[in-house]
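Below: one structure, written as C-alpha cells.
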Amino acid sequence: MAKFNKVAGASVLFGLNALMISLSAGAASSATTEFSATIAFEGACDITAPAKVVFNNDDAVLPSDIESGAPAAEQTFDLTLANCQGVNVTPKITITGQSSAGTGATLFLDPASSDATGYGVLLSTAGNTHFKANTNLAAEKTISVIDDWKLDTKLSALNGTIPMKAKLSCGDCKTDGRLGGTLKSNVTFEFAYD
C-alpha cells in the first residue's frame with residue numbers, strides 16, 4: 001500500500017508541475033506598435049484682407065464723384081495668400097456677400113445695414129501671375145486660376161498678393177430715387193479648389 005501512495009503522490013506532484021508550467025506559459029507579454037504618416041493636403045491657403053475698407057478717409061463722397069469714378073470713390077487693397085499647401089488641385093477664391101442688381105449692375109450691398117439707395121460696391125481684381133482678372137466679383141463671385149494652370153504645380157506658388165479694387169458705383173446711374181446715406185457691405189473671401 002505504501003508503494004501505491006508513492007505512485008499516487010508522484011502523479012499529483014507531476015500534475016502540479018504541469019499546471020505551474022501551463023500557468024506561466026499563459027501569462028503572455030504584450031507589444032505596442034505606433035503607426036505614423038503625414039497625409040498631404042489636397043489644398044489649403046490662409047487668406048487675409050483688411051478688416052475694413054473706408055472710402056474718402058470716412059468723409060462723405062459726392063454723387064458726382066461716384067458717377068465720374070473720381071479717386072474719392074475708389075480704394076485699393078491686397079488679398080494676401082500665405083501658407084499655401086497641396087498639389088493636384090485647381091485652386092480658386094470664392095467671394096460671398098449680399099448683392100443687388102437693382103442699379104443696372106450687380107453690386108455688393110447689405111440693405112439691412114445701409115440707408116443709401118441706388119448705390120453699391122463694385123469689387124474687381126486685375127489678377128496676378130496665377131489668378132485671372134475679374135471686373136465684377138459681385139456678379140461672378142469667383143477669382144479663377146489662370147487657364148494654363150498645371151495640376152502638378154505646388155500650391156505654395158500661390159503665396160503672395162492679389163490686387164483688389166473697391167469702387168463706389170451707381171451702376172448705370174439711371175435708378176430713380178437714388179438717395180445718399182450710409183452704405184455698407186460685407187464680403188468673405190474663401191480659398192477653394194476643384
Side-chain angles (χ1 to χ4, degrees), residues 36-59 61 65-66 69-114 116 119-171 182-194:
S36 176
T38 301
I39 309 300
F41 285 94
E42 284 188 305
C45 263
D46 295 334
I47 297 183
T48 55
K52 190 173 188 178
V53 174
V54 177
F55 293 90
N56 200 29
N57 297 317
D58 224 7
D59 290 334
V61 180
D65 287 340
I66 294 171
E74 292 184 6
Q75 282 295 323
T76 59
F77 63 95
D78 285 331
L79 193 62
T80 302
L81 303 180
N83 302 315
C84 296
Q85 306 175 52
V87 70
N88 296 326
V89 297
T90 302
K92 62 184 174 183
I93 297 168
T94 60
I95 297 94
T96 55
Q98 288 186 304
S99 59
S100 171
T103 62
T106 304
L107 304 172
F108 284 114
L109 172 68
D110 291 343
S113 57
S114 301
Y119 299 96
V121 176
L122 176 63
L123 185 61
S124 64
T125 180
N128 67 11
T129 306
H130 302 292
F131 288 99
K132 294 181 191 178
N134 186 322
T135 58
N136 189 340
L137 291 166
E140 297 177 30
K141 295 195 165 105
T142 301
I143 302 173
S144 300
V145 73
I146 55 175
D147 290 330
D148 61 352
W149 175 262
K150 306 258 187 291
L151 281 177
D152 62 353
T153 304
K154 291 184 178 179
L155 293 185
S156 58
L158 301 178
N159 290 335
T161 59
I162 301 172
M164 306 294 294
K165 183 190 286 185
K167 181 177 175 182
L168 296 175
S169 176
C170 50
T182 302
L183 186 150
K184 291 195 177 180
S185 179
N186 289 292
V187 296
T188 301
F189 301 95
E190 186 173 358
F191 180 80
Y193 57 86
D194 295 324

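This structure is a prediction, so every number in the text was calculated from the model and none was measured. Numbers for residues simply follow the sequence, beginning at 1.
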Please report the C-alpha distance between V53 and V121 in whole Å, then the side-chain angles of each, then the deciding distance to 0.1 Å, and finally whether the side-chain contact (heavy atoms from CB on, under 4.5 Å) criterion is met. CA-CA 11 Å; V53 174; V121 176; over 6 Å; no
Run the numbers on T90 and Y193 for side-chain contact (heavy atoms from CB on, under 4.5 Å), then give the verdict. CA-CA 5 Å; T90 302; Y193 57 86; 5.9 Å; no
So which heavy atom on [X] is nearest to which on [Y], and how close?
X: D78; Y: P163; result: OD1-CA, 3.6 Å
X: A133; Y: A126; result: CB-O, 3.6 Å
X: A49; Y: L79; result: CB-CD1, 3.8 Å
X: F108; Y: K141; result: CE2-CE, 4.2 Å
X: H130; Y: L158; result: CB-CD2, 3.6 Å
X: A72; Y: F55; result: O-CB, 4.0 Å

Sub-4.5 Å side-chain heavy-atom contact between [X] and [Y]:
X: F191; Y: L155; result: yes
X: K92; Y: D194; result: yes
X: L137; Y: M164; result: yes
X: T103; Y: C170; result: no
X: N56; Y: L168; result: no
X: I47; Y: L81; result: yes
X: I66; Y: Y119; result: yes
X: S124; Y: K167; result: no

Drop me the distance from T188's OG1 to I95's CD1, to the nearest 0.5 angstrom.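 Answer rounded to 0.5 Å: 10.0 Å.
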Nearest 0.5 Å, please: how far is CG in D46 from SG in C84?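 Between C84 SG and D46 CG, I get 7.5 Å after rounding to 0.5 Å.
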Which residue in the set T94, T125, N128 passes side-chain contact (heavy atoms from CB on, under 4.5 Å) when paired with I143? T125
Please lay out, stage by stage, how N83 and N159 fare under the test side-chain contact (heavy atoms from CB on, under 4.5 Å). CA-CA 7 Å; N83 302 315; N159 290 335; 5.5 Å; no
Check for a donor-acceptor pair, side chain of N134 on one end and backbone N or O of T142 on the other, with a separation under 3.5 Å.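 Yes.
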Check whether D110 reaches the backbone of S113 with its side chain - one donor and one acceptor, N or O, closer than 3.5 Å.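 Looks like no, no N/O pair under 3.5 Å.
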Could you tell me whether [X] atom [atom1] has more than 12 heavy atoms of other residues or ligands within 6.0 Å of it?
X: K184; atom1: NZ; result: no
X: E140; atom1: CD; result: yes
X: K165; atom1: NZ; result: no

